[in-house]
Amino acid sequence: MTGSTGQLGTPTLEALIAAGHDARGLTRRGGADAIAADLLTGDGVDEGLAGIDTVVHLATTNGKKDLVIAEHLAAAAVRAKVTHLVLVSIVGIDEIPLSFYKQRVRIEEILRSSGVPLTVQRATQFHSLVDSMFSAQRYLPVVIAPSVRFQPIAVDEVATRLAELALGSPRGRVPDIGGPAQRTMRDLHAAWRAATGGKRPAVGLRLPGKLFAAYDAGVNLVPGEAFGHGTFEDYLAAKYN
Ligand SMILES: NC(=O)c1ccc[n+]([C@@H]2O[C@H](COP(=O)([O-])OP(=O)(O)OC[C@H]3O[C@@H](n4cnc5c(N)ncnc54)[C@H](OP(=O)(O)O)[C@@H]3O)[C@@H](O)[C@H]2O)c1
């Protein structure tokens, strides 16, 4: 598993090991359950994938370098005769006009075109991301809460799902998963403010154009019965109480 020391990789690797599977991580740092390799330079990646059947790809730099990482991983997976690649991705990336999301679409394409049988699980934003969107504004007199809805999900629930997919056969793109409720940023901010003891009010933000139109259309959401159960309040209580 790549990215096994990350916020999603840690519980995913734990879930696989706890279930008795011979799983190991691959990160630059390495560690007890992980091999040290650098997906950006390619150093150590072939050695890291030797003898591996299934690769769960969760490594990220949160930027453009992830394209190079995906290319290196795809090529190494072919050389290692990997039989299943599992990729986590993000809901709505092909419909939301953000350059970061265009990169995520490209990463899906890179892994798909490797020819290694693939499973792609798109998920909505983790609770921690919403938390950091508010926390990052600590030096502003108000908190800007764009007039959009999110459906944040607990990272542990995504991890459980990825572990399950890794143990199954390749399935192509599987149904998207999201958290228990679709909520406005103002509503999420109210919960965050109550949990963190903040006093600053939220100020809405709306812009014309394709970006807000996409969010208005709800392409970042997962309609129907919710996959996730853990609420943003559960996350906040665990972190801030
Ligand atoms: N945050 C969200 O709301 C959200 C929602 C849906 C999907 N996702 C996706 O979930 C995935 C995991 O995100 P995360 O938040 O768990 O990431 P994270 O906490 O930032 O962890 C990143 C991981 O990548 C590894 N890494 C970075 N550069 C590397 C390199 N050059 N070579 C090898 N390993 C490298 C890091 O380990 P070392 O530093 O040890 O190398 C670390 O284990 C991402 O693909 C993200 O797009 C996130």
Side-chain angles (χ1 to χ4, degrees), residues 3 5-11 58-66 88-105 121-159 161 176-224 226-241:
T5 48
Q7 62 168 340
L8 177 57
T10 299
L58 308 179
T60 185
T61 61
N62 288 307
K64 217 172 171 182
K65 290 176 182 166
D66 286 359
V88 72
S89 192
I90 306 172
V91 173
I93 49 173
D94 32 18
E95 295 178 82
I96 297 172
L98 289 172
S99 61
F100 178 68
Y101 280 5
K102 285 201 180 88
Q103 292 162 18
R104 302 290 117 183
V105 172
Q121 176 65 73
R122 292 185 181 180
T124 56
Q125 285 63 43
F126 306 155
H127 293 310
S128 56
L129 186 78
V130 176
D131 178 18
S132 64
M133 285 162 88
F134 297 134
S135 304
Q137 301 185 49
R138 59 189 169 280
Y139 300 118
L140 296 180
V142 294
V143 177
I144 296 167
S147 305
V148 298
R149 284 170 298 150
F150 280 106
Q151 190 177 350
I153 189 167
V155 74
D156 285 358
E157 293 178 331
V158 182
R161 171 71 172 152
D176 296 351
I177 57 173
Q182 300 178 3
R183 301 174 64 172
T184 64
M185 282 298 270
R186 269 182 183 268
D187 178 35
L188 290 163
H189 174 259
W192 181 84
R193 194 166 78 152
T196 58
K199 297 205 172 12
R200 290 171 304 143
V203 172
L205 172 74
R206 260 210 81 70
L207 296 171
K210 290 181 180 166
L211 181 61
F212 273 74
Y215 280 108
D216 276 348
V219 300
N220 61 320
L221 306 172
V222 185
F227 174 87
H229 298 284
T231 64
F232 189 48
E233 281 79 357
D234 293 337
Y235 163 88
L236 292 168
K239 179 166 178 188
Y240 292 106
N241 278 353

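Below, all heavy atoms of this structure are taken into account, side chains as well, without hydrogens, waters or symmetry copies. These numbers were taken from a predicted model, which means no experiment stands behind them.
- Between R161 and Q121, the side chains place a donor N or O and an acceptor N or O closer than 3.5 Å (distance only, hydrogens not considered).
- Between the side chains of S128 and D131, no donor N or O sits under 3.5 Å from an acceptor N or O.
- Within the 4.5 Å cutoff, side-chain heavy atoms of Q151 are placed close to those of T124.
- What you find for D216 and R149 is that their closest heavy atoms are O-NH2, 3.6 Å.
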Salt bridge (Lys or Arg N to Asp or Glu O under 4.0 Å) evaluation trace for E233 with R183: CA-CA 12 Å; E233 281 79 357; R183 301 174 64 172; 2.8 Å; yes

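- No side-chain heavy atom of V148 sits under 4.5 Å from any side-chain heavy atom of T184.
- Contact of the M185 side chain with the F134 side chain is registered, since non-hydrogen atoms from C-beta on lie closer than 4.5 Å.
- When all heavy atoms of G6 and T10 are compared, the pair lying nearest together is O-OG1, 2.7 Å.
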Steps toward salt bridge (Lys or Arg N to Asp or Glu O under 4.0 Å) verdict (D94, K102): CA-CA 7 Å; D94 32 18; K102 285 201 180 88; over 6 Å; no

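- For H189 against P201, the heavy-atom pair with the smallest separation is CE1-C, 4.1 Å.
- Taking every heavy atom of both residues into account, P152 and A181 meet most closely at CD-O, 4.3 Å.
- Counting only N and O atoms by type, the side chains of Y235 and D156 include no donor and acceptor under 3.5 Å apart.
- V143 places none of its side-chain heavy atoms less than 4.5 Å from the side chain of V203.
- Taken from NE2 in H127 to OG in S132, the straight-line distance is 13.0 Å, to the nearest 0.5 Å.
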Step-by-step side-chain contact (heavy atoms from CB on, under 4.5 Å) determination, V88 to L8: CA-CA 10 Å; V88 72; L8 177 57; 3.9 Å; yes

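- Within the 4.5 Å cutoff, the side chain of D66 has heavy atoms near those of the R104 side chain.
- L205 CG to I144 CD1: the interatomic distance, rounded to the nearest 0.5 Å, is 6.5 Å.
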Steps toward side-chain contact (heavy atoms from CB on, under 4.5 Å) verdict (I153, F126): CA-CA 5 Å; I153 189 167; F126 306 155; 4.0 Å; yes

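- How far NE2 of H229 is from CG of D234: 11.5 Å, rounded to the nearest 0.5 Å.
- Closest approach of V219 and V91 over heavy atoms only: O-CG1, 3.6 Å.
- Taken to the nearest 0.5 Å, the CZ atom of F150 stands 6.0 Å off from the CG atom of N220.
- The shortest heavy-atom contact between A226 and G179 is CB-O, 3.4 Å.
- Note: Y215 and F212 have perpendicular aromatic rings, judged against thresholds of 30 and 60 degrees for the angle between ring planes.
- When side chains are defined from C-beta on, S135 counts as touching W192, because their heavy atoms get closer than 4.5 Å.
- The distance from atom CZ of R122 to atom CD1 of I93, rounded to the nearest 0.5 Å, is 4.0 Å.
- D187 contributes atom CG, which lies 12.0 Å from atom CD of Q182 (distance to the nearest 0.5 angstrom).
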